[in-house]
Amino acid sequence: EADIYQTPRYLVIGTGKKITLECSQTMGHDKMYWYQQDPGMELHLIHYSYGVNSTEKGDLSSESTVSRIRTEHFPLTLESARPSHTSQYLCASRNDRAGNTIYFGEGSWLTVV
Amino acid sequence: RKEVEQDPGPFNVPEGATVAFNCTYSNSASQSFFWYRQDCRKEPKLLMSVYSSGNEDGRFTAQLNRASQYISLLIRDSKLSDSATYLCVVVSGTYKYIFGTGTRLKVLA
């Protein structure tokens, strides 16, 4: 089992609120990712990080931001949530020393009303 | 054209059947390939890596055809618990993991 944790698992918030989705991994992985996935649809990369103080935007445009101050922690923030942000957000990590396998957290289901 | 394409299914098969999925990719420089399994409203989990020579893990066999740019997954003796969505993953460069849309499998009693 992968040691990567996401909180909250489920969140319902009002439009305009600021939220932060937490992601932590205890595997010492240097590379971390955030994906967005709507039910029954494909995963889309929204952010990634190669290591501390390294963050990049992914292929899917997102109004969220991320930070990587510590190796194990990669939080995602939405400054002003909108109903269009309703989705599942999946955090993932990997380590070159362990091959290219990417491990996912259990996901955070966000509903913006 | 999408970089990774899969037949979305669903594939409805009886228990004990053999079923095969294909996945095609467009970038000939792709380096690594995987099959992930995703249950409904759960996170994707690694099923198996795909090696050039083909590889087997119990009832599951994965193969890579670089010339035709596709990978395949064969499931023998299907179980009810195999019902899930199977995601093809193709890796290019240092970070570019491209996930297919997935193929839904439903194994029927």
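Chain A is the first sequence line, chain B the second, and so forth, proteins listed ahead of strands; every chain is numbered from 1.
Looking only at side-chain heavy atoms (C-beta outward), B:Val89 and A:Ile102 stay at 4.5 Å or farther from each other.
Residues passing the salt bridge (charged side-chain N to carboxylate O under 4.0 Å, His left out) test with B:Asp77, sequence neighbours excluded: B:Lys79. The salt bridge (charged side-chain N to carboxylate O under 4.0 Å, His left out) test applied to A:Arg82 returns A:Glu63, not counting sequence neighbours.
Rounding to the nearest 0.5 angstrom, the gap separating the CZ atom in B:Arg41 from the CD atom in A:Glu106 is 13.5 Å. Atoms OH and OH, from A:Tyr35 and B:Tyr97 in turn, are 7.5 Å apart once rounded to the nearest 0.5 Å. To the nearest 0.5 Å, atom OG1 of residue B:Thr85 and atom CD of residue A:Glu42 are 13.0 Å apart.
With 3.5 Å as the limit, one finds no donor-acceptor pair spanning the side chains of B:Glu43 and A:Gln6.
Hydrophobic clustering (ILVMFWY, side-chain heavy atoms < 4.5 Å, transitive): B:Leu47 and B:Ile98 are in one cluster. Hydrophobic cluster membership is shared by B:Ile71 and B:Val4, with clusters built from Ile, Leu, Val, Met, Phe, Trp and Tyr side chains linked at under 4.5 angstrom. Note: the hydrophobic cluster containing B:Met48 also contains B:Val90 (ILVMFWY, side chain heavy atoms under 4.5 Å, direct or indirect links). Hydrophobic clustering places B:Leu46 together with B:Val91 (ILVMFWY residues linked when any side-chain heavy atoms are closer than 4.5 Å, directly or through intermediates). At a threshold of 4.5 Å between side-chain heavy atoms, the hydrophobic network of Ile, Leu, Val, Met, Phe, Trp and Tyr places B:Phe11 and B:Ile75 in one connected group.
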Side-chain donor-acceptor pairs under 3.5 Å in residues 49-58 of chain A, sequence neighbours left out?
residue: A:Ser49; atom: OG; partner: A:Gly51; partner atom: N; Å: 3.3
residue: A:Ser49; atom: OG; partner: A:Gly51; partner atom: O; Å: 3.0
residue: A:Ser49; atom: OG; partner: A:Ser54; partner atom: O; Å: 2.5
residue: A:Ser49; atom: OG; partner: A:Arg68; partner atom: NH1; Å: 2.7
residue: A:Tyr50; atom: OH; partner: B:Thr94; partner atom: OG1; Å: 2.8
residue: A:Ser54; atom: OG; partner: A:Tyr50; partner atom: N; Å: 3.1

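Interface remark: of the candidates A:Pro39, A:Gly40, A:Ala92, A:Gly105, A:Gly105 forms the most heavy-atom pairs closer than 4.5 Å to chain B.
Taking the centre of each ring, A:Phe104 and B:Phe99 come in below the 6.0 Å mark.
Contact of A:Leu45 with chain B is made through the side chain alone, with heavy-atom distances under 4.5 Å. Contact annotation for B:Gln31: neither backbone nor side-chain heavy atoms come within less than 4.5 Å of a heavy atom of chain A.
Using a 4.5 Å cut-off between non-hydrogen atoms, the part of residues 100-109 of chain B that approaches chain A consists of B:Gly100, B:Thr101.
By the 6.0 Å contact criterion, CG on B:Leu80 is enclosed, its count of non-hydrogen atoms from other residues, nucleotides or ligands being greater than 12. Remark: B:Gln63 CD is loosely packed, at most 12 non-hydrogen atoms of other residues, nucleotides or ligands lying under 6.0 Å away.
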